[in-house]
Undergrad: 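Sending over a structure as structure tokens; questions will come in a sec.
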2 protein chains.
Amino acid sequence: MKVTASQIRQDLNNFGGFGQQGYGYNVQFLYEEIGKIMGLNTEHRIIIIGAGNLGQALANYVKFEKLGFVITALFDVNPELSGKSVRGIPILMLSELDEYCRTHRVDIAALTMPKSKADSIASKLVDLGIRAIWNFAHVDLEIPNKDVVVESVHLSDSLMQLSYNIVKNSKNK
Amino acid sequence: MKVTASQIRQDLNNFGGFGQQGYGYNVQFLYEEIGKIMGLNTEHRIIIIGAGNLGQALANYVKFEKLGFVITALFDVNPELSGKSVRGIPILMLSELDEYCRTHRVDIAALTMPKSKADSIASKLVDLGIRAIWNFAHVDLEIPNKDVVVESVHLSDSLMQLSYNIVKNSKNK
DNA sequence: TAGATTGTTAATCGATTAACAATC
DNA sequence: TAGATTGTTAATCGATTAACAATC
């Protein structure tokens with residue numbers, strides 16, 4: 001993993017002592033403790049706003065569930081998608097969002113709609129009490145509420161990083 | 001951007017002097033020079049392996065083209081997709097990959113297929129001469145060739161980061 | 001000349017690594 | 001007791017910030 005043993009020990013000790021000097025780490029115990037630190041010991045319920053290709057791709061990712069992230073619903077404005085579902089997860093209309101959030105626990109909202117709508121929907125979600133946003137729209141969301149956690153996935157940043165590494169790589173010859 | 005002026009000057013001077021003391025930076029010139037550093041001054045041709053939801057979502061992203069990244073084809077094994085296209089970009093069969101790579105320039109291959117196939121296709125792409133891989137499969141690709149650049153997008157990492165920030169945020173109260 | 005802005009060296013800060021003590 | 005492994009302090013390294021010289 002390109003990390004020294006020393007760094008592992010330093011990092012773990014930031015959170016506490018999980019091993020026994022002279023004896024070692026209990027791998028199962030350590031794994032669970034790291035999970036607790038990262039919040040993976042509790043279930044996270046996710047709704048996806050935007051049931052286009054990206055939203056549906058996320059809904060199809062089974063691996064998330066193994067980590068405790070359960071996608072409970074998708075929302076879209078396209079009436080043709082109404083009543084349909086992805087892997088058993090219902091696609092609802094955006095007009096049903098308010099009602100849904102009042103009657104269901106929602107821990108995380110994933111934003112996969114066009115960026116023009118991202119800011120307005122984000123502030124609506126915050127008003128509805130959602131405190132975590134997983135943002136795939138190509139904008140830096142403006143959310144004044146400090147209690148709201150935002151994690152953005154900017155794919156074009158990743159592509160530019162790849163491009164830069166191509167440049168670097170070609171210069172090494 | 002949460003960066004000091006001093007840091008900007010240091011970082012820019014790593015690559016050269018782009019401004020004029022006492023006068024300032026020419027924004028247009030600086031923008032272009034940064035683009036050259038990142039390799040955004042040349043066109044990058046991308047093929048996408050896996051025409052599922054994620055592959056099609058990438059093909060629909062218009063913004064990439066503004067940065068010089070042009071998606072030229074998608075590949076899949078599903079015969080139902082044969083002959084179809086996404087935003088004018090043709091979906092080809094994986095069996096056509098060899099022929100395609102021999103007759104077209106390909107700068108980057110984006111991998112959006114299930115992880116079980118990722119490693120074998122990645123090594124095939126390297127054999128075909130592709131030197132940059134944008135990996136969306138949930139694996140750390142094993143590519144011995146040092147000349148091949150790999151950029152991975154691990155969505156579950158991003159989700160775990162979000163989860164950790166939720167934990168941190170809730171403790172600050 | 002005075003003010004403003006970049007380039008570059010020096011100082012500071014934080015993270016990584018090394019060393020060793022504590023413990024099995 | 002000897003060997004092995006974690007916890008923790010100290011040393012090192014690199015990145016960020018501050019200071020100031022150079023220039024318009």
Side-chain angles (χ1 to χ4, degrees), chain A residues 1-41 140-143 146 149-154 156-173, chain B residues 1-41 140-143 146 149-154 156-173:
Chain A
M1 287 170 65
K2 291 177 184 172
V3 185
T4 62
S6 200
Q7 194 171 349
I8 295 279
R9 295 205 298 281
Q10 284 283 13
D11 288 353
L12 289 179
N13 269 68
N14 248 315
F15 296 101
F18 302 110
Q20 196 82 8
Q21 284 173 323
Y23 184 75
Y25 295 102
N26 178 323
V27 173
Q28 176 68 26
F29 173 76
L30 183 61
Y31 183 87
E32 283 167 14
E33 289 299 310
I34 292 172
K36 283 182 195 169
I37 290 166
M38 298 202 294
L40 302 178
N41 56 327
D140 287 315
L141 294 176
E142 307 235 342
I143 296 175
K146 292 274 184 184
V149 176
V150 178
E151 170 78 15
S152 287
V153 178
H154 290 318
S156 44
D157 288 3
S158 170
L159 248 192
M160 289 189 276
Q161 178 74 51
L162 177 59
S163 175
Y164 175 63
N165 287 335
I166 292 171
V167 173
K168 269 204 304 185
N169 195 262
S170 63
K171 280 185 182 168
N172 286 345
K173 289 171 192 171
Chain B
M1 287 170 68
K2 292 176 183 172
V3 184
T4 61
S6 198
Q7 194 170 350
I8 294 278
R9 296 205 298 280
Q10 284 281 16
D11 289 353
L12 289 180
N13 269 69
N14 247 314
F15 296 100
F18 302 109
Q20 196 81 6
Q21 285 174 324
Y23 182 78
Y25 294 102
N26 178 323
V27 173
Q28 176 70 23
F29 173 75
L30 183 60
Y31 183 87
E32 282 167 13
E33 288 300 309
I34 292 173
K36 282 182 197 168
I37 291 167
M38 298 202 295
L40 302 179
N41 56 327
D140 288 315
L141 293 177
E142 308 235 343
I143 296 176
K146 293 274 182 186
V149 176
V150 177
E151 171 78 15
S152 288
V153 178
H154 290 320
S156 45
D157 288 4
S158 170
L159 204 41
M160 288 191 276
Q161 177 75 51
L162 177 58
S163 174
Y164 176 62
N165 286 336
I166 293 171
V167 173
K168 271 204 305 187
N169 196 263
S170 64
K171 279 185 180 166
N172 287 344
K173 287 172 190 168

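Proteins come first, then strands; the chains are lettered A, B, ... in the order of their sequence lines, and each starts at number 1. Note that the structure is predicted; figures quoted are calculated from it, not measured.
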Undergrad: To the nearest Å, give me how far apart CD1 (A:Ile8) and P (D:dG7) are.
TA: 12 Å
Undergrad: Which nucleotide in the list C:dA18, D:dA19, D:dT17 gets nearest to the side chain of B:Thr4?
TA: D:dT17
Undergrad: Nearest whole Å is fine: how far is C:dC24 P from A:Asn26 CG?
TA: 16 Å
Undergrad: For the atom pair CD1 (A:Ile34) and CZ (A:Phe18), what is the distance rounded to the nearest 0.5 Å?
TA: 7.0 Å
Undergrad: To the nearest 0.5 Å, what is the distance between CG (B:Asn14) and CD (B:Gln10)?
TA: 7.5 Å
Undergrad: May I have the distance from B:Asp11 (atom CG) to D:dG14 (atom P), rounded to whole angstrom?
TA: 16 Å
Undergrad: Counting only side-chain N and O atoms of B:Gln20, is one of them less than 4.0 Å from OP1 or OP2 of D:dC24?
TA: yes
Undergrad: Would one find a side-chain N or O of B:Tyr23 under 4.0 angstrom from OP1 or OP2 of C:dG7?
TA: no
Undergrad: Distance check needed: C:dT17 P versus A:Lys2 NZ, whole Å only.
TA: 13 Å
Undergrad: With both distances under 3.5 angstrom, what nucleotide forms a Watson-Crick or G-U wobble pair with C:dA21?
TA: D:dT6
Undergrad: Within a strict 4.5 Å, meaning less than it, do heavy atoms of the A:Arg9 and A:Tyr25 side chains meet?
TA: yes
Undergrad: Give the rounded distance in Å between these two atoms: CG of B:Asn13 and P of C:dT8.
TA: 5 Å
Undergrad: Determine whether more than 12 heavy atoms belonging to other residues, nucleotides or ligands lie under 6.0 Å from atom CG of A:Asp140.
TA: no
Undergrad: Would you mind reading off the distance between A:Asn14 atom CG and D:dG7 atom P, rounded to a whole angstrom?
TA: 12 Å
Undergrad: Separation of A:Leu12 atom CG from C:dT16 atom P, in whole Å?
TA: 13 Å
Undergrad: Are A:Gln7 and C:dT16 close enough that a side-chain N or O sits under 4.0 Å from OP1 or OP2?
TA: yes
Undergrad: Could you pick out which residue, A:Arg9 or A:Gly22, lies toward the 5' side of DNA chain C when each is mapped onto its nearest nucleotide?
TA: A:Arg9
Undergrad: Report the base-pairing partner of C:dA11 (Watson-Crick or G-U wobble, both distances below 3.5 angstrom), or none.
TA: D:dT16
Undergrad: Rounded to the nearest 0.5 Å, what's the gap from NZ on B:Lys36 to CD on B:Glu33? Could you check?
TA: 4.0 Å
Undergrad: Checking only heavy atoms, does the side chain of B:Gln10 share a donor-acceptor pair with the base of C:dT6 at less than 3.5 Å?
TA: no
Undergrad: Between the base of C:dT6 and the side chain of B:Gln21, is one N or O donor paired with an acceptor at under 3.5 angstrom?
TA: yes
Undergrad: What is the separation between atom CG on A:Leu30 and atom C1' on D:dG7, rounded to the nearest whole Å?
TA: 14 Å
